[in-house]
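A short worksheet on the structure shown next.
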Amino acid sequence: MLYKNVNIFVDGRFQHGSFRVENGRFTEILNTVPAEDGTDLQGAYVIPGLVDVHNHGNSGADFSDGDYDGLVKMATYLAKNGITSFAPASMTLPYETLEKAFAAGKRLHDAQPEGCSRLMGIHMEGPYFSEKRKGAQNAAYLKLPDFDGFRKLYDSCGGLVRIVDVAPELEGAAEFAAQAKKLCTVSVAHTDTEYEDAAKAFDAGASHLTHLYNTMPGIHHRKPGPIGAASERENVIAELICDGQHVHESAVRMAFRLFPGRICLISDALRCCGMPDGEYELGGQQVFLKGGIARLADDTIAGSATNLFACMRKAVSFGIKKEQAILSATLIPARQIGADKEIGSIETGKLADFVVCNQALELMQVYMSGQPISA
């Protein structure tokens with residue numbers, strides 16, 4: 001199938017031309033518009049399908065429920081909203097609860113139902129966190145870093161865990177990072193760490209920072225903390241929730257300067273995403289959604305109620321270059337879960353997952369494996 005007369009996002013920029021899809025994959029990218037018959041996209045903009053590596057839920061469902069039908073509902077919503085691949089995030093919960101959720105994730109990964117976003121990994125957010133910076137995580141289930149326990153969960157889902165989080169100040173954190181990095185990406189998260197312990201964790205193997213600014217110490221000129229340690233290491237990628245609620249727009253612009261080419265946009269969306277205001281549940285705790293903001297009963301801000309496509313557009317509205325915002329929502333997250341050979345960019349041989357937009361990045365049509373997804 002030939003798609004022509006389109007502005008294609010290739011190698012970090014838009015070029016006018018055409019592309020071909022055969023057997024669900026991109027087979028040719030052209031900077032010309034052939035005269036032969038094909039689907040004329042009339043000058044629209046085509047970007048890769050988005051990749052969300054930190055997403056708890058939507059549509060009333062949460063990954064940690066361990067409910068396969070709920071996970072299908074989540075993946076259907078994501079696909080319709082231009083997020084064609086994802087790594088759902090778990091919560092701080094007992095290992096047996098996590099094992100059930102991971103089993104549901106593996107089932108969806110193996111089945112790949114039509115019309116669903118591709119589950120390309122799992123983000124294990126917790127339970128190796130600081131009590132002081134637990135945020136919306138449940139303190140009752142916090143643990144010290146436990147590689148043996150993590151390895152059992154990792155093996156139970158066939159190695160689908162692609163990101164695991166840890167607070168560097170906890171006993172054994174650096175040793176955990178050194179072991180876990182051999183299996184997946186290790187991320188610093190939910191931490192009250194000072195610069196020195198953060199530096200040890202990064203030097204031991206951590207290469208990711210979960211939701212930059214949130215649930216960690218801020219930057220101080222005498223106490224640079226985990227943000228300082230991460231920003232000066234060029235292999236560290238920082239997640240950023242750009243829903244307009246978690247991080248001020250000035251801090252969004254600062255983040256892209258602190259981590260040039262190293263920001264990974266995420267949604268951190270909860271089950272209340274795509275739902276009306278009301279009361280919801282997160283990791284055994286009540287969450288109240290009001291006016292687009294999700295909070296716990298003590299007023300702690302929880303995850304977001306915004307999907308990644310909306311977060312990407314919000315970043316552009318805050319002054320981030322369109323091309324960088326797209327990379328931060330596609331190729332960069334794909335790399336962090338080791339899936340960039342299959343997804344994350346429009347390249348010959350990769351899966352033909354793409355989104356047709358207008359110049360303002362308003363979604364017009366989503367394609368997976370070259371086939372349109374019904375709205």
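All heavy atoms count here, side chains included; hydrogens, waters and symmetry mates do not. Numbers here simply count residues along the sequence, with the first being 1.
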Discussion item. Does anything in residues 35-48 form a salt bridge (Lys or Arg N to Asp or Glu O under 4.0 Å)? List the pairs, not counting sequence neighbours.
Written reply: Arg20-Glu36
Fill in: Hydrophobic cluster of Leu170, others only, ordered by chain and residue number, side-chain cut-off 4.5 Å
Leu144
Fill in: All pairs passing salt bridge (Lys or Arg N to Asp or Glu O under 4.0 Å) where residues 60-78 contributes a residue, at least two apart
Asp65-Arg271
Worksheet item: Would Glu196 and Lys200 pass as an ion pair if we require N to O under 4.0 Å?
Response: no
Practice prompt. Would you indicate whether the side-chain heavy atoms of Val252 and Lys314 approach each other to under 4.5 Å?
Written response: no
Practice prompt. Just jot down the ring pair (Phe, Tyr, Trp, His ring centres under 6.0 Å) partners of His208, sequence neighbours excluded, or say none.
Written response: none
Practice prompt. Might you confirm whether atom CD of Glu28 has over 12 heavy atoms from other residues, nucleotides or ligands at distances under 6.0 Å?
Written response: yes
Worksheet entry | Partner set under salt bridge (charged side-chain N to carboxylate O under 4.0 Å, His left out) for Asp298, not counting sequence neighbours | none
Discussion item. Does anything in residues 90-111 form a salt bridge (Lys or Arg N to Asp or Glu O under 4.0 Å)? List the pairs, not counting sequence neighbours.
Written reply: Lys106-Asp110
Worksheet entry | Results of ring pair (Phe, Tyr, Trp, His ring centres under 6.0 Å) for Phe14 - residues two or more places apart only | Phe9, Tyr45
Item to complete: Scan residues 319-343 for pairs that pass salt bridge (Lys or Arg N to Asp or Glu O under 4.0 Å), counting only residues two or more places apart or in two chains.
Response: Arg25-Glu342
Worksheet item: So do His54 and His211 actually touch side chain to side chain, heavy atoms under 4.5 Å?
Response: yes
Item to complete: Could you list the residues that satisfy ring pair (Phe, Tyr, Trp, His ring centres under 6.0 Å) with Tyr128, not counting sequence neighbours?
Response: Phe176
Worksheet item: Are any non-hydrogen side-chain atoms of Leu108 and Phe86 less than 4.5 angstrom apart?
Response: yes
Fill in: Atom CD of Glu347 with >12 non-hydrogen neighbours under 6.0 angstrom
yes
Worksheet item: side chain to side chain contact (heavy atoms under 4.5 Å, CB included) with Ala174: which residues, sequence neighbours excluded?
Response: Ala204
Worksheet item: So do the side chains of Arg162 and Val53 get within less than 4.5 Å of each other, counting heavy atoms only?
Response: no
Fill in: Qualifying residues under ring pair (Phe, Tyr, Trp, His ring centres under 6.0 Å), relative to Phe102, sequence neighbours excluded
none
Item to complete: Tell me, please, which residues at least two apart from Arg151 pass salt bridge (charged side-chain N to carboxylate O under 4.0 Å, His left out).
Response: Asp155
Discussion item. So Ile343 and Thr84, do their side chains get closer than 4.5 Å, heavy atoms only?
Written reply: no
